[in-house]
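Convention: sequence-line order gives letters A, B, ...; per-chain numbering from 1. Here the structure is a predicted model, which is why all the values come from computation and not from measurement.
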2 protein chains.
Amino acid sequence: MKDLFSNIQIKVNENIYLKNPESSDLGKKIIFGSIEMIDDIGFEAFTFRKLACSISSTEASIYRYFESKHKLLLYLTAWYWAWMEYKLVFSLINIISPEERLKRAVTIVTEPIEEDSNFLHINEVKLNHIVISESSKAYLTKEVDSENKEGFFSGYESMVMRISKVIQEINPDYPNANMLVSTVIEGAHHQYYFTEHLPKLTTISEDRNCITNFYIDLVFKVIQK
Amino acid sequence: MKDLFSNIQIKVNENIYLKNPESSDLGKKIIFGSIEMIDDIGFEAFTFRKLACSISSTEASIYRYFESKHKLLLYLTAWYWAWMEYKLVFSLINIISPEERLKRAVTIVTEPIEEDSNFLHINEVKLNHIVISESSKAYLTKEVDSENKEGFFSGYESMVMRISKVIQEINPDYPNANMLVSTVIEGAHHQYYFTEHLPKLTTISEDRNCITNFYIDLVFKVIQK
DNA sequence: CAAATATAATAGTATTACTATTACAAACAA
DNA sequence: TTGTTTGTAATAGTAATACTATTATATTTG
């Protein structure tokens with residue numbers, strides 16, 4: 001995924017932001033700086049005041065782009081899932097074997113992330129860290145139903161549905177594809193977090209791909225007829 | 001699980017609280033009231049001031065029991081996992097067949113919760129709701145490592161390890177038991193949440209036990225030799 | 001019954017998320 | 001040029017929240 005496109009843009013639901021951060025230098029600095037800072041000090045300690053200070057701007061200027069830090073988190077996760085979907089689509093192009101397609105799909109959502117040089121103002125490795133540690137706070141709220149209605153989580157949903165379809169290419173009778181896919185995605189995120197912070201809750205291995213291998217094995221065993 | 005014991009107490013790590021809430025009437029009212037309120041308005045909107053008001057006490061009095069609302073959340077989840085472990089132990093007693101033991105273990109951590117009349121000041125159904133919607137906020141913080149050192153998450157850990165051992169009774173060579181168990185526990189919680197709020201991320205069914213059945217099927221398929 | 005202690009209430013402070021208003025600057029038209 | 005519009009950013013707040021210092025009141029104990 002190196003220098004494939006110089007003019008591609010990841011599209012995010014327009015109702016998440018007040019002004020598109022991709023549309024100005026300040027906007028890109030807000031995204032870049034917030035990823036650095038949230039990854040560094042965590043979402044609770046992160047404030048617009050601190051962010052403004054770190055990018056040499058002001059609190060009010062940031063509020064021109066996002067109406068709250070919650071919306072900024074929604075933006076980051078929405079961007080992440082849109083980016084993942086674009087990676088998935090390209091990884092499956094021209095691959096005919098359904099088994100190979102499923103293997104690639106599971107790999108995309110469970111393997112360690114590498115940087116994508118097409119988006120210079122976004123550090124995908126740190127963003128992946130944030131998605132693992134903070135993104136569940138974006139939907140574990142009392143506003144989830146109304147925000148879901150506005151389509152703020154549709155990137156995640158469409159990712160799940162795409163992979164479910166690949167499962168159905170192999171076994172059209174398997175009834176719980178969606179449940180299986182979201183179990184795998186959330187599960188992989190948890191395993192990475194547990195490996196670093198709560199090792200007794202996972203299996204520790206030297207193998208860099210051990211989490212991906214675990215979920216590939218799991219998925220193929222579970223959907224077999 | 002009805003009136004089995006009138007004199008049993010669930011033990012929680014003493015460093016989580018300043019004063020044991022089980023030791024006084026006010027303490028029990030704090031637990032009862034906080035479960036009602038967090039389930040009702042969510043952890044973000046929940047404050048000690050509102051809680052004090054609802055149980056006719058004061059903010060400062062609650063701070064005698066818990067040094068922060070975060071610690072109160074840790075207490076609730078620690079209590080929940082200690083209670084789950086006691087349910088697991090009783091469910092497995094005298095059961096010899098390893099397959100039946102595993103089936104029961106997975107059922108305990110994935111089935112819908114019913115009230116336990118042994119603990120009158122705790123509504124286990126609402127507490128389960130809180131664990132599903134809020135408990136990940138207890139460990140997705142920058143303090144996770146130091147709090148883990150103090151053993152605040154040991155109830156969850158020991159639950160995972162107990163079930164892993166049951167898996168090893170069936171297949172001692174299966175290498176990823178811990179990873180599988182935490183995938184199942186977290187997965188089931190997510191599926192219940194998705195069913196209610198983000199239905200496109202799961203499989204909707206009329207069957208009340210569909211989530212439990214999915215994970216029992218999954219576990220047995222995955223650990224087969 | 002007095003001293004010691006446990007418990008609870010009052011009245012704060014510091015910080016945070018968020019906003020109302022004003023200031024500035026570039027772009028364009030008359 | 002001048003005046004108007006529009007995009008952008010800065011100042012200076014407010015309301016609410018998490019948390020605390022201090023005082024008051026019960027309860028227990030010697």
Side-chain angles (χ1 to χ4, degrees), chain A residues 14-34 37-38 40-76 121 134 137-138 140-143 146-147, chain B residues 14-34 37-38 40-76 121 134 137-138 140-143 146-147:
Chain A
E14 291 180 0
N15 295 314
I16 292 183
Y17 50 76
L18 297 170
K19 179 177 154 71
N20 190 345
E22 306 262 359
S23 73
S24 74
D25 276 1
L26 179 64
K28 284 177 191 160
K29 275 166 72 183
I30 290 171
I31 299 308
F32 176 83
S34 65
M37 188 170 280
I38 295 173
D40 190 32
I41 65 175
F43 187 66
E44 276 72 36
F46 167 82
T47 69
F48 278 3
R49 188 165 298 174
K50 289 177 194 167
L51 173 61
C53 184
S54 85
I55 61 172
S56 303
S57 181
T58 67
E59 234 184 319
S61 303
I62 298 167
Y63 277 104
R64 303 261 160 190
Y65 290 83
F66 296 101
E67 70 180 65
S68 66
K69 71 172 189 171
H70 172 72
K71 282 280 176 73
L72 173 54
L73 181 61
L74 283 176
Y75 178 88
L76 294 178
H121 65 299
E134 317 287 355
K137 297 168 192 168
L140 292 175
T141 70
K142 286 286 166 184
E143 293 75 38
S146 65
E147 291 183 345
Chain B
E14 291 181 359
N15 295 314
I16 292 182
Y17 49 75
L18 297 170
K19 177 178 155 71
N20 191 344
E22 306 262 359
S23 72
S24 75
D25 276 3
L26 178 64
K28 284 178 191 159
K29 275 166 71 182
I30 289 171
I31 299 307
F32 176 83
S34 65
M37 188 169 278
I38 294 173
D40 191 31
I41 66 175
F43 186 66
E44 276 71 37
F46 167 82
T47 70
F48 278 2
R49 188 165 296 173
K50 290 176 192 167
L51 173 60
C53 185
S54 85
I55 61 173
S56 302
S57 180
T58 68
E59 235 183 319
S61 304
I62 297 166
Y63 276 104
R64 303 263 158 189
Y65 290 83
F66 296 101
E67 70 180 65
S68 66
K69 70 173 189 171
H70 172 72
K71 282 280 175 75
L72 173 55
L73 181 61
L74 282 175
Y75 179 88
L76 294 179
H121 66 298
E134 317 287 355
K137 298 168 191 169
L140 292 175
T141 71
K142 286 287 166 183
E143 292 75 38
S146 64
E147 291 183 345

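Of the side-chain N and O atoms in T47(B), none sit less than 4.0 angstrom from OP1 or OP2 of dA16(D). Phosphate contact (OP1/OP2 of dA9(D), side-chain N/O of Y63(A), threshold under 4.0 Å): absent. Distances shorter than 4.0 Å separate some side-chain N or O of K69(A) from OP1 or OP2 on dA17(C). Between S24(B) and dT7(C) there is no side-chain polar atom (N or O) within less than 4.0 angstrom of OP1 or OP2. When the side-chain nitrogen and oxygen atoms of K19(B) are compared with OP1 and OP2 of dA6(C), none of them lie within a distance under 4.0 Å.
Where F48(A) and S61(B) each meet DNA chain C at their nearest nucleotide, the meeting point lying more 5' is that of S61(B).
Ring geometry for F43(A) versus F46(A): interplanar angle under 30°, hence parallel rather than tilted (30 to 60°).
Set against dT16(C), dA18(D), dA9(C), the side chain of R49(A) has dT16(C) as its closest nucleotide. Comparing dT17(D), dA9(C), dC19(D) against the side chain of K50(B) picks out dT17(D) as the nearest.
Side-chain atoms of K29(B) and S57(B), non-hydrogen and from C-beta on, never get closer than 4.5 Å to each other.
Nucleic acid contact class of T58(B) (heavy atoms, under 4.0 Å, all strands): base.
Looking at R64(B), its side chain has no donor and acceptor atom pair within 3.5 Å of the base of dA6(C).
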